[in-house]
Amino acid sequence: MATKTYTVKTEMGNTWQVRAQVGSHQMIIDQPSAGDTGPNPLDTFLFALAGCVSTIAKMAAREQGIELRGINVEVNGELNPAGLAGKPSDDPVGFKHINISADIDTDLDDAEKQAFLDLVCARCPVHDNLLRATSVSHQSR
């Protein structure tokens with residue numbers, strides 16, 4: 001299958017608000033202590049993970065003939081804010097641990113639900129980017 005490139009371009013003016021046109025959607029990231037017109041970047045990151053897991057679950061259930069009546073995903077991320085505040089810390093700047101809990105509304109038993117969630121997470125690109133180091137470059141223009 002051919003490689004697909006995803007691109008998001010943002011703009012930020014003199015407020016804390018970051019705006020992006022993502023496809024046909026206007027998205028806003030903000031800070032609670034500023035305008036609070038949207039979620040902060042860390043909440044958005046966790047939402048992307050939960051959204052990806054949910055979407056892949058629906059795809060996988062359809063492919064396997066599983067009646068998925070619904071899925072509710074909760075993602076918790078543990079972070080020491082010292083690094084992002086520019087303070088010394090032995091912890092990573094990012095999340096130290098992320099936990100995904102899924103309430104899967106289907107007729108599978110508990111072991112089958114866990115196996116299904118394992119399969120879903122193995123197919124989720126956002127989950128994969130957290131498990132395996134992804135090359136990231138940055139440059140100023």
Is [X] linked to [Y] within one hydrophobic cluster, defined over Ile, Leu, Val, Met, Phe, Trp and Tyr using a side-chain heavy-atom separation of less than 4.5 Å?
X   : Y   : value
V22 : V18 : no
I29 : M12 : yes
L42 : V93 : yes

Just how far is it from atom [atom1] of [X] to atom [atom2] of [Y], taken to the nearest 0.5 Å?
X    : Y    : atom1 : atom2 : result
T134 : D128 : OG1   : CG    : 6.5 Å
I71  : K113 : CD1   : NZ    : 10.0 Å
K96  : E78  : NZ    : CD    : 4.5 Å
M27  : T10  : CE    : OG1   : 11.5 Å
H127 : I98  : NE2   : CD1   : 9.0 Å

| Without hydrogens or angle criteria, can the side chains of D110 and Q114 be said to hold a donor-acceptor pair below 3.5 Å? |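 No, no side-chain donor-acceptor contact under 3.5 Å.
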
| query | Does L68 offer a backbone N or O that forms a donor-acceptor pair with the side chain of T106 under 3.5 Å? | reply |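 No, because the side chain of T106 does not come within donor-acceptor range (under 3.5 Å) of the backbone of L68.
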
Of the non-hydrogen atoms in [X] and [Y], which two are nearest, and what is the gap between them?
X   : Y    : result
G51 : T55  : O-OG1, 2.8 Å
V75 : A50  : CG2-CB, 3.6 Å
A48 : V126 : O-CG2, 4.1 Å
A60 : F116 : CB-CE1, 3.9 Å
A34 : D30  : CB-OD1, 3.9 Å

| task | Determine which pairs satisfy side chain to side chain donor-acceptor pair (under 3.5 Å) with at least one residue from residues 57-66, sequence neighbours left out, and list them in order. | result |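 Output for this query lists E63-R123.
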
| said: Quick one, W16 with N40, criterion side chain to side chain contact (heavy atoms under 4.5 Å, CB included). Give me CA distance, side-chain angles, the key distance, then yes/no. | reply: CA-CA 10 Å; W16 289 94; N40 70 44; over 6 Å; no

| said: Counting only heavy atoms not in R69 (residues, nucleotides, ligands), do more than 12 fall under 6.0 Å from its CZ? | reply: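 Atom CZ in R69 is packed in, count exceeds 12.
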
| message | Check this for me: D118, atom CG, are more than 12 non-hydrogen atoms of other residues, nucleotides or ligands nearer than 6.0 Å? | response |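 Yes, the 6.0 Å shell around CG holds more than 12 heavy atoms from other groups.
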
May I ask you to test the [X]-[Y] pair for a side-chain heavy-atom distance under 4.5 Å?
X   : Y    : result
F45 : L130 : yes
L46 : F95  : yes
T15 : T37  : no

| message | Checking S33 now: which residues fulfil side chain to side chain contact (heavy atoms under 4.5 Å, CB included) with it, not counting sequence neighbours? | response | Q31

| said: Test of understanding: with side chain to side chain contact (heavy atoms under 4.5 Å, CB included), list the residues that count as partners of V53, not counting sequence neighbours. | reply: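 Partners of V53 under the side chain to side chain contact (heavy atoms under 4.5 Å, CB included) test: L49, V73, I100, L117, V120, C121, C124.
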
